[in-house]
Amino acid sequence: MKNKFNNIGSKEWLPFQKSWSTYQGDEALYRANIRFFTLLGEGAPAPWVFYHGQHHALAAQVAGQEGRRCTTKVLDPIQFGLLDLRGRFDGVQDYILQKAELINIAAEIYKVLDNRRFICIIIDHFLRGGHAPLAWDLAASLSGLYSLKDEKILAYPGPGPTEGPGHAYALYLRKDEFSGQGLRMGYPALLKEGPLPSAAASTWQVVRPPRRNPNEVLHPAKFPEQLVAQFIDLYCPPGGAVLDPMCGTGSALVAAQGLHRRAYGCELSPFFAQLAQQRVQSLPLEANREWKVANVDARACASQGFPRVDYMVTSPPYWDMLNMKGAEYQARRKEKGLQLNYSDNPNDLGNIADYQQFVDELVEIYCAVGLLVNQGGKATIIVKNIKKKGRNYPLAYDLANRMCQMGWRLLPEFIWCQDDINLAPYGYGNTWVSNTFHQYCLHFEKIGE
Ligand SMILES: C[S@@+](CC[C@H](N)C(=O)[O-])C[C@H]1O[C@@H](n2cnc3c(N)ncnc32)[C@H](O)[C@@H]1O
């Protein structure tokens with residue numbers, strides 16, 4: 001197939017598609033993006049790259065080495081825009097003040113950007129006063145004007161802006177048939193005034209789960225016990241209680257019991273509820289430990305007689321993605337004769353087709369279940385952004401914003417990076433579509449009843 005998008009071969013295309021990468025310096029970062037997002041046409045003039053940021057000389061040097069031209073002026077036509085906003089903002093107020101100017105620049109670029117071409121915004125969440133999700137707010141604000149296509153995590157091997165490994169975002173926005181609809185609100189609930197949470201000591205980790213037992217494979221999407229164990233250790237005091245209202249195979253309960261925490265869970269599917277019970281029951285731990293799995297809808301979680309808990313950790317169905325039969329993962333499971341979705345139960349959140357309704361019902365459940373969490377207690381929701389039929393739904397960001405409207409305060413996010421899945425050459429030669437190999441662990445603190 002002829003590559004109409006850039007001049008690189010499949011060997012370079014494929015690794016670029018992984019949705020997170022270890023940061024290897026600005027030069028490598030700029031070069032990889034400029035090479036990926038521009039096309040040198042035979043006999044055509046060198047494409048223009050628009051650059052905005054503190055390292056214009058570096059951007060111009062890299063572009064020149066790659067046979068592209070770099071400009072800080074809005075020229076016609078632009079093939080790619082690179083906006084590097086890291087280290088630019090003193091605090092949330094400063095970001096809000098500068099946002100109008102940034103949006104203006106993005107809007108000017110939009111006018112001269114070639115159709116189906118991208119801008120990339122590099123931005124992080126580290127402010128002098130602490131942590132604030134600026135990338136998510138900017139992505140939401142610009143989605144509409146551009147199509148928000150993707151994000152990539154730049155994982156700093158450490159010490160980055162934090163004491164330990166940190167991360168930044170590369171947001172990818174495209175001019176296309178869905179764009180040009182004007183600006184959106186962003187996420188005001190995520191950028192409330194007041195003291196910011198301190199940046200976390202470390203913000204990402206590659207987690208390679210051990211091989212699953214044959215019965216655990218039956219579940220389409222479990223999270224690794226070793227991942228949640230870290231969070232339980234951090235957010236639930238010794239002897240405290242942990243709750244997962246959609247506990248699937250019971251991974252959160254298994255991890256909690258291993259750390260001598262009491263463990264409670266709800267699960268809609270009788271099959272998975274039983275599996276969770278068996279897994280907790282068979283743990284080689286001392287007798288009399290306290291735990292319970294209820295085979296009920298999470299909507300009824302608060303009436304199961306569970307005690308108040310210190311920590312909720314959970315992961316929802318990722319909208320109705322398991323019902324998308326075309327997905328590659330689905331095809332592989334079908335081949336092996338494994339269950340494709342969680343259930344056909346209409347109360348299963350994975351069977352809600354409308355995105356807004358799905359988010360509304362999910363947040364409603366978290367709020368009802370949240371009544372069981374002690375004031376000041378913590379919650380973690382493990383989730384990812386979703387790509388469906390060519391559109392990007394930033395579920396993680398939307399959920400964070402909604403939770404913050406409902407009495408929860410966002411703490412710094414943690415990124416679970418995956419490297420145990422094979423990359424697929426989506427969009428090869430045509431456009432950029434990442435392989436989503438990172439999941440968000442959204443941490444919250446309960447501040448309102
Ligand atoms: C991503 S999975 C959770 C996996 C789990 N963390 C694990 O490690 O096994 C989501 C789970 O939510 C369950 N679920 C969907 N709708 C539900 C509802 N209304 N009430 C309770 N559970 C529900 C599904 O059956 C599925 O097991």
Side-chain angles (χ1 to χ4, degrees), residues 5-8 12-13 15-40 45-89 95 98-99 101-125 134-135 138-139 141-143 145-156 167-176 179 392 431-434:
F5 191 70
N6 56 30
N7 306 89
I8 65 179
E12 193 176 336
W13 183 289
F16 189 87
Q17 279 191 290
K18 196 168 78 170
S19 69
W20 65 274
S21 62
T22 311
Y23 172 74
Q24 287 166 340
D26 289 347
E27 186 177 340
L29 176 65
Y30 287 6
R31 192 179 303 281
N33 277 281
I34 288 172
R35 280 174 66 78
F36 196 91
F37 288 101
T38 53
L39 175 72
L40 291 171
W48 281 107
V49 173
F50 171 86
Y51 178 80
H52 179 85
Q54 291 167 0
H55 308 294
H56 177 235
L58 177 66
Q61 181 197 324
V62 171
Q65 285 165 353
E66 297 297 333
R68 279 77 167 170
R69 291 175 287 178
C70 184
T71 174
T72 52
K73 300 215 167 60
V74 179
L75 303 173
D76 191 8
I78 294 290
Q79 232 187 57
F80 178 52
L82 184 60
L83 288 76
D84 188 348
L85 309 180
R86 288 170 298 167
R88 175 174 177 138
F89 309 106
Y95 164 76
Q98 292 198 48
K99 189 171 149 182
E101 183 203 336
L102 293 168
I103 285 179
N104 203 21
I105 293 171
E108 287 302 306
I109 292 298
Y110 184 81
K111 290 184 199 153
V112 294
L113 189 67
D114 286 347
N115 197 33
R116 295 187 69 77
R117 288 284 163 186
F118 286 75
I119 64 168
C120 166
I121 301 180
I122 305 171
I123 180 169
D124 62 35
H125 291 178
L134 308 182
L138 197 58
S141 304
L142 286 171
S143 66
L145 176 58
Y146 287 84
S147 286
L148 173 63
K149 289 307 288 179
D150 241 316
E151 84 274 12
K152 215 163 147 162
I153 302 294
L154 307 173
Y156 292 103
H167 66 277
Y169 289 82
L171 304 171
Y172 292 96
L173 300 119
R174 191 173 73 176
K175 178 172 175 174
D176 60 22
S179 65
N392 187 356
T431 192
W432 149 250
V433 186
S434 80

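Because only heavy atoms are used, hydrogens play no part in the values below, and waters and symmetry mates are left out as well, while side chains stay in.
- Looking at Asp114, its side chain never comes within 3.5 Å of a backbone N or O of Arg116 through a donor-acceptor pair.
- A donor-acceptor distance shorter than 3.5 angstrom exists from the side chain of Arg68 to the backbone of Thr38, with no hydrogens or angles considered.
- Atoms CD and CD, from Glu66 and Gln61 in turn, are 11.0 Å apart once rounded to the nearest 0.5 Å.
- The main-chain N or O of Phe89 is never found under 3.5 Å from a side-chain atom of Gln98 such that the two would form a donor-acceptor pair.
- The two atoms that bring Ile34 and Val62 nearest to each other are CD1-CG1, 4.2 Å, heavy atoms only.
- Results of the side-chain contact (heavy atoms from CB on, under 4.5 Å) test with Cys120 over Phe37, Phe80, Tyr30 single out Phe80 as the only residue that passes.
- Between Leu102 and Arg88, the closest side-chain pair of non-hydrogen atoms falls below 4.5 Å.
- For Ser147 (side chain) and Lys149 (main-chain N/O), no donor-acceptor pair under 3.5 Å exists by modelled atom type.
- Across all non-hydrogen atoms, the minimal contact from Ala63 to Arg69 is CB-C, 4.4 Å.
- Here the straight-line distance linking atom CZ of Arg86 with atom CG of Leu29 works out to 5.5 Å at 0.5 Å rounding.
- Summarising the geometry of Ala155 relative to Trp20, their closest heavy-atom pair is CB-CE3, 4.3 Å, with the distance given to 0.1 Å.
- Legend: residues meeting salt bridge (charged side-chain N to carboxylate O under 4.0 Å, His left out) with Arg117, ordered by chain and number and at least two apart, are absent.
- No side-chain donor-acceptor contact under 3.5 Å links Asp84 to the backbone of Gly53.
- In this structure, Phe16 and Tyr172 have perpendicular ring planes: the angle between them is above 60°, well past the 30° mark.
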Test side chain to side chain contact (heavy atoms under 4.5 Å, CB included) on Ile122 and Leu82; report intermediate values, then the result.
CA-CA 8 Å; Ile122 305 171; Leu82 184 60; 4.0 Å; yes
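- Residues satisfying the ring pair (Phe, Tyr, Trp, His ring centres under 6.0 Å) criterion with Tyr110, sequence neighbours excluded, are Tyr146.
- With sequence neighbours excluded, no residue satisfies side-chain contact (heavy atoms from CB on, under 4.5 Å) with Gln54.
- Atom CD1 of Ile119 and atom CD1 of Ile78 lie 11.5 Å apart (nearest 0.5 Å).
- Across all their heavy atoms, Gly67 and Pro47 have their closest contact at O-CD, 4.4 Å.
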Run the side chain to side chain contact (heavy atoms under 4.5 Å, CB included) check on Lys152 and Ser21 step by step: do they pass? CA-CA 8 Å; Lys152 215 163 147 162; Ser21 62; 4.2 Å; yes
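- Taking Phe50 as the reference, nothing meets the ring pair (Phe, Tyr, Trp, His ring centres under 6.0 Å) condition, with sequence neighbours excluded.
- In this structure a side-chain-to-backbone donor-acceptor pair under 3.5 Å is present from Asn6 to Phe36.
- Under the side-chain hydrogen bond (donor to acceptor under 3.5 Å, both in side chains) criterion, Glu12 pairs with Arg35, sequence neighbours left out.
- Nearest heavy-atom pair, Ser143 versus Leu148, reported as atom, atom and distance to 0.1 Å: CB-CB, 3.9 Å.
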Residues Glu151, Ser434; criterion side chain to side chain contact (heavy atoms under 4.5 Å, CB included); working and verdict: CA-CA 8 Å; Glu151 84 274 12; Ser434 80; over 6 Å; no
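- Taken to the nearest 0.5 Å, the CZ atom of Arg31 stands 12.0 Å off from the CG atom of Asn33.
- Phe5 has its ring centre no less than 6.0 Å from the ring centre of Trp432.
- With sequence neighbours excluded, the residues satisfying side-chain contact (heavy atoms from CB on, under 4.5 Å) with Lys99 are Tyr95, Ile103, Asp137, Leu138, Ser141.
- Summarising the geometry, atom OH belonging to Tyr51 is positioned 10.5 Å from atom OG1 belonging to Thr72; distances are rounded to the nearest 0.5 Å.
- Separation of the His125 and Tyr169 ring centroids falls under the 6.0 Å cut-off.
- The closest donor-acceptor contact from the side chain of Asp176 to the backbone of Ser179 lies under 3.5 Å.
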request  = Begin with the C-alpha distance, continue with both residues' side-chain angles, and end with the deciding distance and a verdict on side chain to side chain contact (heavy atoms under 4.5 Å, CB included) for Leu85 and His52.
outcome  = CA-CA 8 Å; Leu85 309 180; His52 179 85; 4.1 Å; yes
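- Among all heavy-atom pairs drawn from Ile123 and Ala135, the shortest one is CG2-CB, 3.6 Å.
- Within the model, atoms OG1 of Thr22 and CD1 of Ile153 stand 12.0 Å from one another, a figure rounded to the nearest 0.5 Å.
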